[in-house]
Amino acid sequence: MSQALAPRGDSLISRAMGARSAVWRVDGVLLVAVLALSVIGTLLVWSSTRTWAAGAPTGMVKKHILNLLIGWALCGLAALADQRTLRVYAPAVYGVSLLGLLAVITPLGSTINGSHSWILLGGGFAVQPSELAKPALILMLGALLAEPASGSDRPRPLDLLLGIAAAAIPMGLVMLQPDFGTTMVLAVITGALVIFAGLRKRWIVLLTLLTLAAGFAVWLFGLLKPYQIARFTAFVDPANDPRGAGYNSTQALIAIGSGELFGKGLFHGGQTTGRFVPEQHTDFIFTVVGEEFGFLGAITVVALLGVVLLRGLRIARGCEDRFGALMAGGVVCWFAFQTYVNVGMTIGIMPITGVPLPFVSYGGTATFANMIAIGLLQAVHIRERRF
């Protein structure tokens, strides 16, 4: 019996590692770039939390490594999914994400750092459904906008309206938390997919005007919290209130500038060790890069993120399936916008919003969402090479 089973075992191994295996069809450059960012992020989280976190000096970084391992597993599962299967189950994934957002506004939700965006699981772990809404929205919009109208390469008007409605629901729920940063990311994803789908220019102009009107209504009816308004005010002139609303921006600039060209070295950043910059392991982790690794380290991180974006664009451009191309394009725009906002707010060219740096910032749900998105890119790449 053992002899009968041996060829079968060898066959499974050979098929898993054979020339036709999906293992050899993945985008290796993309994976290496994400792995490098994950390693750098782990070192930065360790440096920024080792003096204060529970279980210091390695308590927080151990949890971060666990999150990364789970994230890589989710990436692998997403990469194995067929595009047709993803399209079929997109409404179900979207529906589950809405249930998570609805659960946040019930007694199950908890407030952390002024945002009612979390569901506590116990043991120091929490889930942020708004992060998982990002890949869910990409899948749903891709499924709705991928089917062109008869005799045209543009989406049907009904599908476009359904897509806008599908995007408006999670954006409204996230805004109730309130989480303005994530709402902006969802809005950019929606706009990008609508444009990629081939929407006519007049509709793009109309949607832009509606977006601006919605933003004005949010401001007019006082839907923003006072601290969020103060952040925009401080962006205009951070030196006007350096100990109040402009504190984060001022300290971030000091930390990045003090690193100069080569940085002060890992674990040797005075701003980082002294915790002068709030949330330095999450939203302001780029200040740790600037202080401890200097300008060269900061450029390295930006360059690696650029590699991720370029490989994602390459995958989207080479995909002949509309759903796969829209899905890949949505992921790229998500990462590009979030990178720009996060880096921009630390160097003073963007208002401060609670948006983490992809693959670098500490986070559980955000890490899972990012790695699922990388898995979706790999799924598109693998299938396109096969066919």
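For clarity, every value in this text was computed on a predicted model and none was experimentally measured.
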Please report the C-alpha distance between Ile119 and Gln128 in whole Å, then the side-chain angles of each, then the deciding distance to 0.1 Å, and finally whether the side-chain contact (heavy atoms from CB on, under 4.5 Å) criterion is met.
CA-CA 6 Å; Ile119 298 176; Gln128 189 177 9; over 6 Å; no
Between Tyr340 and Met350, does the side-chain contact (heavy atoms from CB on, under 4.5 Å) criterion hold? Intermediate values first, please.
CA-CA 9 Å; Tyr340 175 75; Met350 286 292 291; 3.6 Å; yes
Should His64 and Leu68 be marked as a side-chain contact (heavy atoms from CB on, under 4.5 Å) after you check the CA-CA gap, both sets of side-chain angles, and the distance that decides it?
CA-CA 6 Å; His64 183 66; Leu68 284 174; 3.8 Å; yes
Verify side-chain contact (heavy atoms from CB on, under 4.5 Å) between Leu31 and Gln378, making sure each step is shown before the conclusion.
CA-CA 9 Å; Leu31 288 183; Gln378 294 289 1; 3.3 Å; yes
Audit row: Phe335, Phe359, ring pair (Phe, Tyr, Trp, His ring centres under 6.0 Å) steps and yes/no:
CA-CA 10 Å; Phe335 289 157; Phe359 314 111; 5.0 Å; yes
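With rounding to the nearest 0.5 Å, the separation of CG in Leu193 from CH2 in Trp334 is 12.0 Å. Distance CG/Leu376 to CG/Leu86: 6.0 Å, rounded to 0.5 Å. Note: Leu35 CG to Trp72 CH2 = 5.0 Å, rounded to the nearest 0.5 Å. Taking CH2 of Trp46 as the start and CZ of Phe267 as the end, the distance is 4.5 Å to the nearest 0.5 Å. The line from OG of Ser47 to CD of Glu291 is 8.0 Å long, rounded to the nearest 0.5 Å. Atom CZ of Phe368 sits about 11.5 Å away from atom CD of Glu131, to the nearest 0.5 Å.
Side-chain contact of Thr287 with Gln280: a donor-acceptor pair under 3.5 Å is present, judged by distance alone. Side-chain contact annotation: Thr182 with Asp179, donor-acceptor N/O pair under 3.5 Å present.
Both Met140 and Ile195 sit in one connected hydrophobic cluster of ILVMFWY residues. Membership requires side-chain heavy atoms under 4.5 Å apart, directly or through other members. The cluster map of Ile, Leu, Val, Met, Phe, Trp and Tyr, joined by side-chain heavy atoms under 4.5 Å apart, puts Leu304 and Val302 in the same cluster. Residues Ile299 and Val360 do not share a hydrophobic cluster, clusters being chains of Ile/Leu/Val/Met/Phe/Trp/Tyr side chains in contact below 4.5 Å. In this structure, Ile349 is a member of the same hydrophobic cluster as Val355, with clusters built from ILVMFWY side-chain heavy atoms closer than 4.5 Å. Linking ILVMFWY residues whenever their side-chain heavy atoms come closer than 4.5 Å, directly or via other members, places Leu141 and Leu158 in the same cluster.
The only option from Glu292, Lys264, Gln251 that meets the side chain to side chain donor-acceptor pair (under 3.5 Å) definition with Gln271 turns out to be Gln251. Applying the side chain to side chain contact (heavy atoms under 4.5 Å, CB included) test between Leu44 and each of Val289, Thr49, Leu357 identifies Val289 as the sole match. Checking Thr183, Val174, Leu173 one by one against Ser130, the side chain to side chain contact (heavy atoms under 4.5 Å, CB included) holds for a single residue, Val174.
Looking only at side-chain heavy atoms (C-beta outward), Leu101 and Gln177 come within less than 4.5 Å of each other. Between Thr353 and Val341, some side-chain heavy-atom pair lies under the 4.5 Å cut-off. Within the 4.5 Å cutoff, the side chain of Tyr247 has heavy atoms near those of the Pro278 side chain. Side-chain contact between Tyr94 and Tyr89 is absent, with no heavy-atom pair separated by less than 4.5 Å. The shortest side-chain heavy-atom distance between Asp27 and Leu377 does not fall under the 4.5 Å cut-off. Side chains of Phe337 and Met184 form a contact here, defined as non-hydrogen atoms less than 4.5 Å apart. Contact annotation: the side chain of Val34 approaches that of Val308 to within less than 4.5 Å [non-hydrogen atoms, C-beta and beyond]. Here the side chains of Phe276 and Ile254 are not in contact, with every heavy-atom distance at 4.5 Å or above.
Side-chain atoms of Thr106 come within 3.5 Å of backbone atoms of Ala103 as a donor-acceptor pair (strictly under, hydrogens ignored). Within the 3.5 Å criterion, the main-chain N or O of Val104 finds a donor-acceptor partner in the side chain of His116. Proximity of a side-chain donor or acceptor of Asn370 to a complementary backbone N or O of Ala366 within less than 3.5 Å is detected.
By the 30° and 60° cut-offs, the orientation of the rings of His281 relative to Tyr362 is tilted.
Across every non-hydrogen atom of Leu186 and Thr190, the tightest pair is O-OG1, 2.8 Å. Here the closest heavy-atom approach between residue Cys319 and residue Gln83 is recorded as SG-OE1, 4.3 Å. Of all heavy-atom pairs between Leu266 and His268, the closest is O-ND1, 2.9 Å. Of all heavy-atom pairs spanning Pro170 and Leu137, the tightest one is CG-CD1, 4.5 Å. Between Ala197 and Arg322, the shortest heavy-atom contact is O-NH2, 3.4 Å. Taking all atoms of both residues into account, the shortest heavy-atom contact from Asp283 to Pro356 is OD1-N, 3.8 Å.
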